[in-house]
Amino acid sequence: MKEVIRLGLAGLGTVGGGTYAVLKRNARDLLAACGAELVVKTVACRNLERARGVVDEGVEVTSDVHALARDPDIDIVVEVMGGIEPARTLVLEAIAAGKHVVTANKALLALHGNEIFDAARRSGVVVAFEAAVAGGIPIIKALREGLAANRIEWVMGIINGTSNFILTTMREKGLSFDEALAQAQALGYAEADPTFDIEGIDAAHKITILSALAFHTPVNFKAASVEGITKLAAEDIEYAEEFGYRIKLLGITKRTARGIELRVHPALVPKRRLMASVEGVMNAVVVKGDAVGTTLYHGRGAGAEPTASAVVADLVDIARLMHGRRANPTYLAERMAALAPQDNTVWLPMDETVSSYYMRIGVADKPGVLADIARIFADNAISIETMVQRGSEPGEESTEIVILTHSAVEGAVRRAIAAIEALDNVHGPVVMLRKEEMN
Ligand code: HSE
């Protein structure tokens, strides 16, 4: 007998519209995949008139999202509204009512994931969130299932398409950050207020979720050190190219002997790495496990149907669970929530992380300046890999020093930068970027 699973769709924007379209277009395949018909019973959204033009007759439309949680006929609530409220309340209400939840909401999970997973564990329901990280790339499944045998060593990702588009455009067209941002906005990639994309916050939400999955910890957004791409200059992109690197905004989480690193910042990636070729709005995540080594996942990290691909995959998963084809329906919530009370994870402060570094220093073209800088590096136990002088024309009084270092402790690097900036012959702040060799 064919089973019907009824869905309540909260949000009919880009992701909600894409989800509705994929559910409809691929209904036959989805039935074959999970043995159940996935039917949207109700859509909750702000613009009812627009919604009626999108959904088929027979689909209820309401402006009250909470109605989805109250409706006893709805089996799964699909939260694709974004934002913290009313999404948080709706998800908790749905869980309390015994409904499974699928959400694409990275901010919600990064900030309130522990509360939500704990509620789900107590109610015995699933909260699935493949769409919350890297859109259509099944990275949550990869970590949770495909790589389950591994002790994960690190995860690094280009997980914000807007900022990657801006970096690609700066490099390919030699544009400034502001010019590239304007292009991203004109093409509809960046939001009207693109702060979350360009300041690294969106990537930090996503790497926070990946970190919790990779290292079996509660989600801890507060542990993330976050730096965006707004201060990058076109010349740093050019210098990086010259040295064989490409600058990418990376979300990074690493297990070290002293604690877990969780950070987002622009980084120099060697051009020979596949990650360096991930351009435009594409996303990619590299995971290093002790057994498998490095694996790379590449695809579209945003957009209506790529994100819907992940939302609907979660629905198929839950439908299979409801058919009893898999054990332990609370798999993820249970694992994450159970860890929270006795959590003693050590999160490494940024000053204790270890990287290699790129620095650009504006200096007076005078004898002894390089020697002063070199002495400060030595005093702080930072070893220089390459040091070149650039941009000096005959008769000019100022020039730029570009330095690549070997591995060093961030705190020592910051002390060295402060000492260099205090030198008489140094002009302006030192530009510092980290390098990630991805070994
Ligand atoms: N603003 C995000 C991006 C959308 O640019 O990648 C997907 O989370």
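Computed over heavy atoms, backbone and side chain alike; hydrogens, waters and symmetry mates excluded. Numbering of ligands and ligand atoms starts at 1, following listing order.
Between His205 and Phe221, the angle of the ring planes lies from 30° to 60°, which puts this pair in the tilted group.
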Are Leu23 and Leu315 close enough, and set up right, to give a side chain to side chain contact (heavy atoms under 4.5 Å, CB included), and what steps lead you there? CA-CA 10 Å; Leu23 282 169; Leu315 290 171; 4.2 Å; yes
Identify all side-chain donor-acceptor contacts of residues 76-95 below 3.5 Å with residues at least two apart in sequence or on another chain.
from  : atom 1 : to     : atom 2 : distance (Å)
Glu79 : OE1    : Thr103 : OG1    : 2.6
Glu79 : OE1    : Asn105 : ND2    : 3.3
Glu79 : OE2    : Met81  : N      : 2.8
Glu79 : OE2    : Gly82  : N      : 3.0
Glu85 : OE1    : Thr89  : N      : 3.3
Glu85 : OE1    : Thr89  : OG1    : 2.7
Glu85 : OE2    : Arg88  : NH1    : 2.9
Glu85 : OE2    : Thr89  : OG1    : 3.1
Arg88 : NE     : Glu115 : OE1    : 2.9
Arg88 : NH2    : Glu115 : OE2    : 2.9
Glu93 : OE1    : His66  : ND1    : 2.7
Glu93 : OE2    : His66  : ND1    : 3.3

Show me the side-chain donor-acceptor pairs of residues 45-55 shorter than 3.5 Å, one per line, residues at least two apart or across chains.
from  : atom 1 : to    : atom 2 : distance (Å)
Asn47 : OD1    : Glu49 : N      : 3.3
Asn47 : OD1    : Arg50 : N      : 3.0
Arg50 : NH1    : Leu12 : O      : 3.2
Arg50 : NH2    : Leu12 : O      : 3.2

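With sequence neighbours left out, the side chain to side chain contact (heavy atoms under 4.5 Å, CB included) criterion links Ser407 to Val354.
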Give one line per pair: atom of ligand 1, protein atom, distance. Only N/O to N/O under 3.5 Å.
from     : atom 1 : to     : atom 2 : distance (Å)
ligand 1 : 1 (N)  : Asp197 : OD1    : 2.7
ligand 1 : 5 (O)  : Asn160 : ND2    : 3.4
ligand 1 : 5 (O)  : Gly161 : N      : 3.4
ligand 1 : 5 (O)  : Thr162 : N      : 3.0
ligand 1 : 5 (O)  : Thr162 : OG1    : 2.6
ligand 1 : 6 (O)  : Gly161 : N      : 2.7
ligand 1 : 8 (O)  : Lys106 : NZ     : 2.5
ligand 1 : 8 (O)  : Lys206 : NZ     : 2.8

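Checked against Arg171 for a salt bridge (charged side-chain N to carboxylate O under 4.0 Å, His left out), the options Glu279, Glu238, Glu235 give a single hit: Glu279.
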